[in-house]
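Here the structure is laid out as structure tokens; the discussion comes afterwards.
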Amino acid sequence: AKYAGKVQSICEEVERELPKLAEPHYRLGRMLRAQMLDDEALAEQDKAVAKEPAYAPARYERVVLLSRLHRRRIRDLLGQAWRDEGARLAAEGGRVRAAQAVRPPDMKAIEARDATAKELLKRIQADLGGLKEGLSAAERLCAAGTGAWVSGDSARAASQFEAAISKEP
């Protein structure tokens, strides 16, 4: 945060001088993500990709940011499903005779019904598909691992991340 204002002013200056360049938006977005300002960071990465659709670093950053948003959305939906289940049990008089009376929410079914979660996944997949060049082998593996993680394939995600770490420890 110490240099955030300076970085922002430098990025804005470069943008004024080179308005078609994606990198200033990418750099500013990276700084905003480091400050946990995900919405603002995503807006900067969107601007970078709008200027240079093949700019892999910005697409990769969007995968990371969209994955965070997706996970947050799923967490919120899952929390609501558990609250709904608690309300159902309370409406039945709160008598739970066996563990079978509690119906755990089906995360995949919840995700499949939610338009926002589906749209986030669609955007993540589009960005992953757009990562052709401009990333190191380790970064490509991290991107693939992130895509697997968001899709719920933890084993594949772990192997992708492990492979990335072995390439660039």
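Separating the CZ atom in R62 from the CG atom in L69 is a distance of 12.0 Å, to the nearest 0.5 Å. Note that CZ of R68 is 13.5 Å distant from CZ of R71, once rounded to the nearest 0.5 Å. If you take CZ on R59 and CG on L66, they are separated by 11.0 Å, rounding to the nearest 0.5 Å. Between atom CZ of residue R33 and atom CD of residue E61 there is a gap of 4.0 Å, rounded to the nearest 0.5 Å. With rounding to the nearest 0.5 Å, the separation of NZ in K20 from NZ in K51 is 10.5 Å. Remark: C142 SG to L135 CG distance equals 10.0 Å, nearest 0.5 Å.
Residue pairs meeting the ring-ring contact (aromatic ring centres under 6.0 Å, His included) criterion with at least one member in residues 112-148: none, sequence neighbours excluded.
Heavy atoms only, all atoms of each residue included: V150 and E111 are closest at O-OE2, 4.3 Å. Across L131 and A56, no two heavy atoms sit closer than the pair CD2-O, 3.5 Å.
For the 3.5 Å distance criterion, the side chains of Q80 and D76 fail to qualify, holding no donor opposite an acceptor.
In this view, Y60 satisfies the ring pair (Phe, Tyr, Trp, His ring centres under 6.0 Å) rule with no residue, not counting sequence neighbours. Scanning for side chain to side chain contact (heavy atoms under 4.5 Å, CB included) contacts around K122 gives E119, with sequence neighbours left out.
Other residues, nucleotides and ligands contribute more than 12 heavy atoms inside 6.0 Å of the NZ atom of K108.
Using a 4.0 Å cut-off between charged side-chain N and carboxylate O, R123 and D46 make a salt bridge.
When each of D153, T146, I165, L141 is paired with Q160, the side chain to side chain contact (heavy atoms under 4.5 Å, CB included) condition holds for L141 and for no other.
One hydrophobic cluster holds both L128 and L120 under the rule that ILVMFWY side chains link at heavy-atom gaps under 4.5 Å.
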